[in-house]
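So that the names make sense, note that chain A is the first sequence line, chain B the second, and so on, each numbered from 1.
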Amino acid sequence: MPWLPSPWDRAGVRRVAGIDVGFEDQGRITRAAVAVLDFPSLALVEQSVARLPTAFPYVPGLLSFREAPAVLAALGQLDTVPDLLLYDGQGLAHPRRLGIASHLGLWLDLPSIGVAKSRLVGHHGEVPGPRGAWTPLEDRGEVIGAVLRSRAGVAPLYVSPGHRVSLEGALAWVMACLTRYRLPETTRWAHRLASG
DNA sequence: GCGACAG
DNA sequence: ATCTTGTCGC
């Protein structure tokens, strides 16, 4: 399993948090959820949900203004301090290289990774079919992330470094949090808590 | 002026 | 993101 993080790279990481946001009451309420999983068992160890009035519209590139307040509230309710954050959105793969995953990691001084379901910026070629295959996501001459085949036969994921994690490390962590589905377990739990 | 556009 | 039933495929 070449994509698994080396024992050295994952040293100290025991708790990986998945974060996602959902909306209630036709968008008037922002609901942020955090799911803390044990690594590498991926068992849920803690969860938290915070609901706040929505105070900013969705503007591509400015997701932090809309989602970060509720996310910080949810993170503040945790008893467990995560060692790594996986956010449902972009990290480096942002027009200004500061997607919400990077923004949160920087603010909290925690390693973070952006795992988005679609593209904000950048271009890429076809992604090979096998699970684990990936293609670089580039923008203005720089590699800003990777388009990863998390599962054969389904749309790929847009993975990018958030804070204190390299692209290779980001890919390794995402692969290590995947099981049989398109999204990593962290995101699946967070999404379940924030929405469905 | 015309597209593109995380969630 | 959210509003929503049935439907195609493993």
Side-chain angles (χ1 to χ4, degrees), chain A residues 17-35 49-75 85-107 112-125 127 129-131 134-140 142-163 165 167 170-171 173-174 177 179-184 186-196:
Chain A
I19 307 173
D20 192 22
V21 168
F23 296 87
E24 299 175 12
D25 192 24
Q26 300 174 179
R28 284 187 279 270
I29 297 296
T30 297
R31 177 180 174 128
V34 179
V49 173
R51 302 168 67 259
L52 262 63
T54 301
F56 200 84
Y58 167 66
V59 179
L62 302 183
L63 201 58
S64 292
F65 290 93
R66 180 172 169 81
E67 305 189 344
V71 169
L72 291 175
L75 285 166
L85 268 33
L86 257 61
Y87 202 96
D88 192 321
Q90 315 289 347
L92 229 204
H94 176 276
R96 305 309 299 269
R97 308 293 182 259
L98 193 71
I100 189 169
S102 310
H103 207 159
L104 286 173
L106 182 60
W107 181 253
S112 64
I113 297 170
V115 184
K117 301 181 295 302
S118 60
R119 183 190 67 87
L120 172 58
V121 289
H123 299 283
H124 64 86
V127 186
R131 168 191 153 85
W134 58 275
T135 298
L137 175 62
E138 306 177 272
D139 182 45
R140 288 179 289 162
E142 341 179 80
V143 174
I144 58 175
V147 190
L148 174 70
R149 189 122 261 155
S150 56
R151 175 185 173 164
V154 300
L157 259 29
Y158 291 76
V159 177
S160 63
H163 188 55
V165 179
L167 175 57
L171 285 165
W173 281 114
V174 171
C177 292
T179 57
R180 64 183 311 195
Y181 306 96
R182 180 197 181 208
L183 301 174
T186 43
T187 304
R188 281 165 37 77
W189 271 107
H191 192 288
R192 211 172 301 164
L193 296 170
S195 306

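Nucleotide B:dA6 holds its C1' atom 11 Å from the CG atom of A:Asp20, rounded to whole Å. In this structure, A:Leu120 atom CG and B:dG3 atom P are separated by 20 Å, rounded to whole Å. If you measure from atom NE2 of A:His94 to atom P of B:dG7, you get 13 Å, rounded to the nearest angstrom. Rounded to an integer number of Å, the gap from A:His123 NE2 to B:dA4 C1' is 9 Å. One can place CZ of A:Arg31 at 16 Å from C1' of B:dG7, the figure rounded to the nearest angstrom.
Within 4.0 Å (heavy atoms only), A:Ile19 reaches no atom of the nucleic acid at all. A:Gly114 comes within contact range of no nucleotide atom at all, as no heavy-atom separation falls under 4.0 Å. Note on A:Gly22: only backbone sugar-phosphate atoms sit closer than 4.0 angstrom, heavy atoms only; bases stay farther off. Note on A:Glu67: only backbone sugar-phosphate atoms sit closer than 4.0 angstrom, heavy atoms only; bases stay farther off.
Proximity of A:Ser118 to the phosphate of B:dG7: a side-chain N or O atom is located under 4.0 Å from OP1 or OP2. The side chain of A:Lys117 contributes an N or O atom lying less than 4.0 Å from OP1 or OP2 of B:dG7. Between C:dA1 and A:Ser195, no contact under 4.0 Å exists linking OP1 or OP2 to a side-chain N or O.
Between A:Leu120 and A:Pro95, some side-chain heavy-atom pair lies under the 4.5 Å cut-off. At least one side-chain heavy atom of A:Ile19 sits less than 4.5 Å from a side-chain heavy atom of A:Leu75. Between A:Leu63 and A:Tyr58, some side-chain heavy-atom pair lies under the 4.5 Å cut-off. Considering only heavy atoms from C-beta on, A:Pro161 comes within 4.5 Å of A:Leu167 through its side chain. No side-chain heavy atom of A:Leu183 sits under 4.5 Å from any side-chain heavy atom of A:His191. Between A:Val71 and A:Thr30 there is no side-chain heavy-atom pair separated by less than 4.5 Å.
Ranking B:dA6, B:dC5, B:dG7 by closeness to the A:Arg119 side chain, first place goes to B:dC5.
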Under the 3.5 Å Watson-Crick or G-U criterion, the dot-bracket string of DNA chain B, with | for inter-strand pairs: .......
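Stacking of the aromatic ring of A:Tyr58 onto the base of B:dG7 is found: the ring centres lie under 5.5 Å apart and the planes are inclined by under 30°.
Enclosure of atom NE2 in A:His103 is not indicated, since only 12 or fewer non-hydrogen atoms of other residues, nucleotides or ligands lie within 6.0 angstrom.
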